[in-house]
Protein chains: 2
Amino acid sequence: MALEHAILVSLSERAASGLDLTRRFDKSIGYFWTASHQQIYRTLSRMEKDGWVRSEVVAQQGRPDKKVYDVTAAGREELGRWLAAPTPAQPLRSELMVKFRAASYGDREQVLDLARAKLAEHRDLLALYEGIEQRDFPKPDGLAGRELDMYLVLRGGVRMEQFWIDWLTEYLDAHTRAHTKDER
Amino acid sequence: MALEHAILVSLSERAASGLDLTRRFDKSIGYFWTASHQQIYRTLSRMEKDGWVRSEVVAQQGRPDKKVYDVTAAGREELGRWLAAPTPAQPLRSELMVKFRAASYGDREQVLDLARAKLAEHRDLLALYEGIEQRDFPKPDGLAGRELDMYLVLRGGVRMEQFWIDWLTEYLDAHTRAHTKDER
DNA sequence: CTCCGCATGTAAGCTGTTACATGATTCA
DNA sequence: TGAATCATGTAACAGCTTACATGCGGAG
């Protein structure tokens, strides 16, 4: 029930069409909340029916018309209500952890390869986030308000990737040690 | 498509009824993959139809009969196949991060209260995981095989909770500093 | 004239959640 | 007698994914 609210947040930052939103959910806000264009169009329709957003058809030159959505007063009210409501605990769901736990029921070497692949993925993501951090927030000390919010969420992404890298490294090291011990 | 596989893992460790599995998904394996009893019963039926598990009705004294499920050869094969298959990147989905980014569109003080509540939740979870770690793996150095797998997944849980605590602390500190600066 | 990007959708199917249902036994 | 636990489900709905559909304009 949170896609509506993620859309309200994104539209509060700036009015947008369905495709604009789709692109935002492919980066920026998409780093911590993903959605496909099908979901977005469907949800926008429902939100307009509910009066949380309104749309205006905008003609473009050399391109098809687009419907630009904007948050209404009712939408702003709903956003404020949701922001203050308690956030239910979102249990961790990690396919990788299930696989790691199950490694002894299959080919362990292939599971270790999966771990190495994930480690590379997370290193790439960390580099991406750190690049954004250095480009957009070179001096974080003076930040406040909306910019501070953006910065701190990005910091969450950086720390999250660092967590994966550290844990996967511990995992691979431990299994390497256990393996060499077997060999002796 | 991973609940089937989580069930295969759990049944590989030990045969179980639907209710047994439901209880396991409330702790141990449930710390990184959750499922309700409705999901479990529905999925077990499908898996039996597909030949991945077989069931045996076991009479009990003073209790209703139960259906105990067991992994078949086809199920073990499927588990091995799944274990070796690449794991798709699972994008992060955090309602809390959406709220943090949106704090300026609502009552910031209430968002800070949410952050404090989450911090307390994650401290409790960390204490739980560290308790299990000390109780079940007091000397992790000699571990190998299945036990090492269990230990390392638990370490993932510990590190994950540590991540949340560190980040939420950074978040609260940064906003406290920004706030006191406004006051001056 | 074909392919690509823009722009908006529909439809089918699977997964997950919420609510309801049944029948037995044990304990207060 | 009434509540709690054991044990297994059904039904309805909401959410998400995958595939398909349409039509316009510009580039090569």
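Hydrogens, waters and symmetry mates play no part in the numbers below; they use all other heavy atoms, side chains included. Numbered from 1 within each chain, the chains take letters A, B, ... in sequence-line order.
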Test item: side-chain donor near acceptor, S104(B) and R146(A), under 3.5 Å |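 A pair is found: one side chain offers a donor N or O, the other an acceptor, under 3.5 Å apart.
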
Heavy-atom pair of closest approach, residues H175(A) and L112(A):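 Taking H175(A) first and L112(A) second, the nearest heavy atoms are CB-CD2, 3.8 Å.
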
Ring pair (Phe, Tyr, Trp, His ring centres under 6.0 Å), that's the test. Do W82(B) and Y105(A) meet it? Break it down for me.
CA-CA 11 Å; W82(B) 173 74; Y105(A) 304 109; over 10 Å; no

Under 4.0 Å from any atom of DNA chain D, heavy atoms only: list the residues of residues 3-23 of chain B that qualify, in numerical order.
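Per residue number, the list reads S17(B), G18(B), L19(B), R23(B).
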
Residues from residues 30-41 of chain B lying under 4.0 Å of DNA chain D - heavy atoms
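Under 4.0 Å from DNA chain D: H37(B), Q38(B), Y41(B).
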
Quiz prompt | N-O pairing of R24(A) and E13(A) below 4.0 Å | solution =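 No.
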
Any side-chain to backbone donor/acceptor pair from S12(A) onto L8(A)? Under 3.5 Å, distance only.
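Present.
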
Can you check the [X] [atom1] to [N] [atom2] distance for me, whole Å?
X	N	atom1	atom2	answer
K66(B)	dT22(C)	NZ	C1'	20 Å
L44(B)	dT10(D)	CG	P	12 Å
R93(A)	dG15(D)	CZ	C1'	13 Å
R42(B)	dT8(D)	CZ	C1'	14 Å

- Item | Mutual orientation of the aromatic rings belonging to W167(B) and F100(B) [parallel < 30°, tilted 30-60°, perpendicular > 60°] |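 Ring orientation of W167(B) relative to F100(B): tilted.
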
message: Counting only heavy atoms from other residues, nucleotides and ligands, does the tally under 6.0 Å from CZ of R14(A) exceed 12?
response: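 Open.
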
query = Quick check: are there more than 12 heavy atoms from other residues, nucleotides or ligands sitting under 6.0 Å from CZ of R123(B)?
reply =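 No, not enclosed.
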
### Message
OP1 or OP2 of dT15(C) versus the side-chain N and O atoms of R46(B): is any pair under 4.0 Å?
### Response
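Affirmative; the distance criterion is met.
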
